[in-house]
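Inspection log for the structure reproduced underneath, given as structure tokens.
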Amino acid sequence: MCIREEEMLMKQFSYVLTNPDALQTKHMGNLTREASRFSSRMNLINGAKEAALKELRAVMGLDIQCGNRVTVTVEGKDEEAAVAAIQNYFVANM
């Protein structure tokens, strides 16, 4: 069985949240909508908890606080564009 190299790759980045307003449901909803623009699978990790970035309820259940370092993982056909867009969103809003 042959596994293509692209199937084994995953992109990720970490970010320390500095904007307390960004943790409100409205802003987290905007983040999940941004993630939903892409077909890649995306997860948001806060400590030992992990959630699908496209699911608002799951993201809100991560109990993220200002000052937390979160990690975003992205895997899929459009992962390059997805990582760039989500990173830009974090820098501009989080």
Side-chain angles (χ1 to χ4, degrees):
M1 184 171 146
C2 180
I3 298 175
R4 295 183 306 173
E5 183 177 333
E6 67 186 63
E7 292 175 339
M8 295 172 37
L9 300 177
M10 176 186 351
K11 304 290 183 191
Q12 71 177 31
F13 69 91
S14 293
Y15 191 84
V16 176
L17 300 171
T18 59
N19 180 359
D21 293 336
L23 301 173
Q24 296 173 1
T25 304
K26 174 186 171 184
H27 298 290
M28 289 302 218
N30 290 338
L31 174 62
T32 59
R33 274 190 292 285
E34 181 69 13
S36 294
R37 294 181 36 231
F38 300 93
S39 64
S40 290
R41 219 176 29 243
M42 296 183 219
N43 289 318
L44 183 61
I45 303 165
N46 182 39
K49 294 183 177 183
E50 184 171 354
L53 188 55
K54 296 177 183 181
E55 298 176 20
L56 179 58
R57 183 171 277 178
V59 169
M60 295 302 291
L62 292 176
D63 299 322
I64 299 170
Q65 303 295 318
C66 190
N68 286 156
R69 175 180 295 276
V70 296
T71 300
V72 175
T73 62
V74 182
E75 185 174 21
K77 292 181 181 182
D78 58 358
E79 65 187 24
E80 293 288 337
V83 165
I86 299 301
Q87 278 183 311
N88 288 337
Y89 186 89
F90 269 81
V91 170
N93 300 289
M94 307 298 271

### Query
Got a sec, which residues hit side chain to side chain donor-acceptor pair (under 3.5 Å) with T25, two or more places apart in sequence or on another chain?
none
### Task
Would you list the pairs meeting ring-ring contact (aromatic ring centres under 6.0 Å, His included) in which at least one residue belongs to residues 37-81, sequence neighbours left out?
none
Sequence neighbours excluded and cut-off under 3.5 Å, please list the side-chain donor-acceptor pairs for residues 85-94, or say none.
residue: N88; atom: ND2; partner: A84; partner atom: O; Å: 3.2
residue: Y89; atom: OH; partner: H27; partner atom: O; Å: 3.1
residue: N93; atom: ND2; partner: Y89; partner atom: O; Å: 3.1

### Message
According to side-chain contact (heavy atoms from CB on, under 4.5 Å), who are the partners of N43, at least two apart in sequence or on a separate chain?
### Response
E50, A52, T73
#### Entry: CG on L17 to CG on N46, rounded to 0.5 Å
8.0 Å
### Query
What is the distance from atom OG of S40 to atom CG of L53, rounded to the nearest 0.5 Å?
11.5 Å
### Task
Could you list all the ring-ring contact (aromatic ring centres under 6.0 Å, His included) pairs where at least one residue sits in residues 50-85, not counting sequence neighbours?
none
### Query
Can you name the closest pair of heavy atoms from A82 and M42 and give their distance?
CB-CE, 3.6 Å
### Query
Which atom pair, heavy atoms only, marks the closest approach of C66 to N19?
SG-N, 4.1 Å
### Task
With sequence neighbours excluded, tell me which residues meet side chain to side chain donor-acceptor pair (under 3.5 Å) with E80.
K11
### Task
Tell me whether F13 is reachable from I45 by hopping between hydrophobic residues (I, L, V, M, F, W, Y) whose side-chain heavy atoms are closer than 4.5 Å.
no
### Message
Once side-chain contact (heavy atoms from CB on, under 4.5 Å) is applied, do any residues pair with S14, and if so which ones, sequence neighbours excluded?
### Response
R69, T71
#### Entry: Inter- and intrachain pairs under salt bridge (Lys or Arg N to Asp or Glu O under 4.0 Å), touching residues 51-61, at least two apart
none
#### Entry: Minimum-distance pair of heavy atoms, taken over all atoms of K26 and R33
O-NH2, 4.3 Å
## Note on the structure
Residue set satisfying salt bridge (Lys or Arg N to Asp or Glu O under 4.0 Å) with R37, at least two apart, ordered chain then number -> E34
### Query
Of all residues at least two apart in sequence or in a different chain, which pass the side chain to side chain donor-acceptor pair (under 3.5 Å) check with D63?
K49
### Query
Can you get from M10 to V83 by hopping between Ile, Leu, Val, Met, Phe, Trp and Tyr side chains that sit under 4.5 Å apart?
no
### Task
With sequence neighbours left out, write down each residue that passes side chain to side chain donor-acceptor pair (under 3.5 Å) with T18, or none if nothing qualifies.
none
### Task
Could I get the full list of salt bridge (Lys or Arg N to Asp or Glu O under 4.0 Å) partners for R41, not counting sequence neighbours?
E75
### Task
Side-chain contact test, heavy atoms from C-beta onward, threshold under 4.5 Å: evaluate it for L44 versus I64 and give yes or no.
yes
